[in-house]
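Have a look at the structure below, then the notes.
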Amino acid sequence: MTGHLDLAPGAVLVLAGVEWTVECTEPHVGRVVLVSSDGQRMPVTMKFLMHHPDCRASTRTAAAAAQRQRQDPTAADLTPHQREVVTLRLAHLLEVETGFRAGDPLRSEPGEPRPGFDPAATTVNQRREAKVTELAGLDRTQARLLGLDKISVRTLARWAGRYRRAGSIGCADDRWLRRSGGHPSVTETVREAIYAVHAETLHRSRMSMRARERLIHQYVREQHGSEATAQIPSYETLRLVWADWFGSGGGRQRYVRSAAKPTSGQHVVIHRPGQVVAMDTTILPVKVRETVFGDPVSVHLTLALDVYTRSLVAFRLTLVSDSSVDVAMVLRDIMMPLPMRPDWGDDLEWPYPGLPANVVAEFAGHRVAGLPFFSPETVTTDHGSVYRNHHLVEVERVIGANILPARVLRPTDKQAVERAFGSIRSLLFEVLPGYSGVDVYDRGVDPEADATLTIDAMEHLIATWIVSVWQNRRLGEHAPSWDPAGDHSPNTLFAAAMNQGGFAMQIPAPELYYQLLPAHHVVIHGQRGVKIRGLFYDGPALDPYRHEKSARGGRHKGKWQIRRDPRDARTVFFQDQRTHAWHTLRWTGLPPEDEVPAFSDARARDLLAAARAAGLKPRSDTELLPLLLDLLGAHVPVESWPTLAKAQRTELARDTTQGRAASADRVSARPLREVTAPRRSTAAIPTAAPGPASWPQHFRAVEQAVDGDRRRRREALGDEAPARPARLGDAFRRGNLFLLADDPADTAEGDS
């Protein structure tokens, strides 16, 4: 290329209105040889062409260049055989151009330069003619296999020009690298029909390509007439065009519609921890055993993933599908530092530089594990009902986070946490006993029988694996934008973020637990306390306010706010409006001691339904206690366990599991200050499913509650001895069995 002119061999120039083709270029002398259409040769200088007022590139050359509109080919586009052919062609070309097959006199082979190819005694055209004569003497079959059967002087000149521009790829055959794509048989009419059918089928159920072909024929016939159907190409061409333009069509129809929706085109750049936290819940693909009967059950795993650092900042295992309270507790766990477990070593303690572990432990009240904690700014969830209720909206206001549901049919909005589920499955869950596979077709023979881990053991295993493995695992393709080629883990990214923007160590107050519970606005009854979900709760904390109204205004004017944990209906929580201290109110049907196991809202609903079905209208909640004990399984003897339905056993285990989770959250709401000498438990974490010994303990606890209730009833009678019942037949002894009653008619006549 010289200036704006292409002087490579084969280029077409217009000089004084006449087209000339560049035959060869000699840059070392600045000369170009032009050939006209009638074979006339004209050598000119490059300076002459550059300064000629009527010299320009031909439109045929410009059109050819415009049609290329693709990336330049490279040797990687050739097959191994084609590369060998190009290497052989290049050796012949270099011998023509330089006299040596290697192209360099310093790397000459024995006998080079050969007679007829000596650059000191021959010209380039003479060497080209000699090479054509040499190749013409080869066997035609071998020459065709080597791609040297149709070599002319013009071919060698074209190869030389292309070699100077593109290197060895210039000796490749144009047919090997022909332009891909494009279908000349697809006219504008057919193109219109294809796009119309695509827009129509996008909102229909999934259909085959044969059905789409029939719709294309129908559209062309109705819009352009029957004669236009002759322009429609074959089915195979339509299938290839559809795949080129819209993809293979192997995706689900709802996801295809989702991908076709318009977007704003903006990309959210996440540049700090806590800016976006993705949450999701799935069924744990490992069967575990519940701790009451020891039956294999499926639990739900809720994960919270920090999108910037890819840290698993919180998780929960629930025996039932998660509720709004569980989600609220997960959000609270994100903000709370993770305490060290008894069997964790010092290598799992807070590792981040710039903030010593003892400082964090002093603020937290306990030794802190190496897991980031912060206040989330935006939480991305799906459209489940658990994330869209009024309770979670209030939780969002309390913690100062924005709950942002993913767009409808846009799974990419929370693909990070979806990918985390898959990574945990392949790295951890697949090697655990009881793994149930991705779906029913990948299940083992009996994963329920293989289950050995309890829910507590699985929770401890996941927590240990996250702190020790996941947080230190190399991210790979999820490296940060500022160092995509570096080795980073979630821990190193969080440490880098601390160095760049600092770390705001904001540990929420223990009272946050109560603020995240569902609220009820009720009045305080003078003698019975407060009524929540059909049950009465009372305690000494209500004494100063039994005959007062609350100072609250607005919608709930004059009512008191009571917080309730749906996982444990034995107690509710009341905040004193003067001291702002939280107090526990017990169900009035409970014994003075905590002898009755925990029961949830679902069990409370069953309790009230059983009372209504029995026609019982109790004067106090104490009358409901026998019914509750029946529902809690107090009268289920050991012999009936095999015949007890698994659903009933799961319900009983569910109450126990939820009660333990609620108790653990209440305990964590109390500030701890044992930092220097943390308490270490000598008991090992259970790894095998417990036997049925836990159910007798539950059974004995309920029996003790029944005995205590009977004892309190007897003590309530005081010293008054109960009246002796009458003997059998006493009523017959006081009267005559054979005495007939007076006839009312006779009595009326005598009176008259």
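Counting begins at 1 with the first residue of the sequence.
- To the nearest 0.5 Å, atom OG of residue Ser208 and atom CZ of residue Arg239 are 12.5 Å apart.
- Side-chain atoms of Arg419 and Ser423 include a donor-acceptor pair closer than 3.5 Å.
- Using the six-membered ring where Trp is involved, Phe494 and Phe503 have ring planes that are perpendicular, over 60° apart on the 30 and 60° scheme.
- In Glu188, the CD atom is not crowded: 12 or fewer heavy atoms of neighbouring residues, nucleotides or ligands sit closer than 6.0 Å.
- No side-chain heavy atom of Leu303 sits under 4.5 Å from any side-chain heavy atom of Leu305.
- Distance check: Leu88 CG to Leu148 CG gives 5.0 Å after rounding to the nearest 0.5 Å.
- Rounding to the nearest 0.5 Å gives a distance of 9.0 Å between CG of Asp487 and OG1 of Thr492.
- Judged by distance alone, the side chains of Ser226 and Thr229 never bring a donor and an acceptor atom under 3.5 Å apart.
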Inset, instruction - Take Tyr219 and Glu192, measure what side chain to side chain donor-acceptor pair (under 3.5 Å) needs, and give me the verdict at the end. - result: CA-CA 9 Å; Tyr219 182 88; Glu192 175 189 346; 2.8 Å; yes

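- For Gln471 and Ser489, the side-chain atoms include no donor-acceptor pair closer than 3.5 Å.
- In this structure, Glu377 pairs ionically with Arg272, as a charged nitrogen and a carboxylate oxygen lie closer than 4.0 Å.
- Looking only at distances, no side-chain donor or acceptor of Arg101 sits under 3.5 Å from a matching main-chain atom of Leu93.
- When atom types are taken as modelled, the side chain of Arg114 and the backbone of Gly111 share no donor-acceptor pair closer than 3.5 angstrom.
- Rounded to the nearest 0.5 angstrom, Lys131 NZ and Leu135 CG are separated by 6.0 Å.
- A ring-centre distance under 6.0 Å is not found for Phe374 and Tyr308.
- Within the 3.5 Å criterion, the main-chain N or O of Glu112 finds no donor-acceptor partner in the side chain of Ser108.
- Arg140 contributes a side-chain N or O that, together with a main-chain N or O of Asp149, makes up a donor-acceptor pair within less than 3.5 Å.
- Distance alone, capped at 3.5 Å, places no donor-acceptor pair between the Gln223 side chain and the Val220 backbone.
- When side chains are defined from C-beta on, Leu238 counts as touching Ile232, because their heavy atoms get closer than 4.5 Å.
- Looking at Asp173, its side chain never comes within 3.5 Å of a backbone N or O of Trp176 through a donor-acceptor pair.
- In this structure, the side chains of Leu475 and Pro490 come closer than 4.5 Å at one or more pairs of heavy atoms.
- From Phe421, atom CZ reaches atom CG of Leu301 across 5.0 Å, with rounding to the nearest 0.5 Å.
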Inset, instruction - Start with the C-alpha gap between Val32 and Val22, add the side-chain angles, then the distance that decides, and say whether side chain to side chain contact (heavy atoms under 4.5 Å, CB included) holds. - result: CA-CA 7 Å; Val32 178; Val22 178; 3.7 Å; yes

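- No side-chain heavy atom of Arg107 sits less than 4.5 Å from a side-chain heavy atom of Phe100.
- Remark: aromatic rings of His92 and Trp159 are distant, center separation not under 6.0 Å.
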Legend entry - Arg128 vs Glu95, salt bridge (charged side-chain N to carboxylate O under 4.0 Å, His left out): CA-CA, chis, key distance, verdict: CA-CA 9 Å; Arg128 289 174 179 171; Glu95 187 177 19; over 6 Å; no

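- Considering only heavy atoms from C-beta on, Val124 comes within 4.5 Å of Glu97 through its side chain.
- Side-chain atoms of Ile151 and Leu156, non-hydrogen and from C-beta on, do get closer than 4.5 Å to each other.
- A distance of 8.0 Å separates CG in Leu15 from CG in Leu13, rounded to the nearest 0.5 Å.
- Arg127 pairs with exactly one of Thr98, Thr122, Asp118 by the side chain to side chain donor-acceptor pair (under 3.5 Å) rule, that one being Thr122.
- The backbone N or O of His271 lies less than 3.5 Å from a partner atom in the side chain of Gln275, making a donor-acceptor pair.
- One N or O on the side chain of Asp77 and one on the backbone of Thr74 form a donor-acceptor pair closer than 3.5 Å.
- With hydrogens and angles ignored, the 3.5 Å screen pairs a side-chain donor or acceptor of Ser436 with a backbone N or O of Pro285.
- Using a 4.5 Å heavy-atom cutoff, the side chains of Trp20 and Val35 are not in contact.
- Side chain of His52 to main chain of Phe48: no donor-acceptor pair is present (N/O by atom type, distance under 3.5 Å, no hydrogens or angles).
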Legend entry - Steps toward ring pair (Phe, Tyr, Trp, His ring centres under 6.0 Å) verdict (Trp242, His198): CA-CA 9 Å; Trp242 193 282; His198 176 262; 5.7 Å; yes

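- For the pair Leu215 and Arg212, the minimum side-chain heavy-atom distance is 4.5 Å or more.
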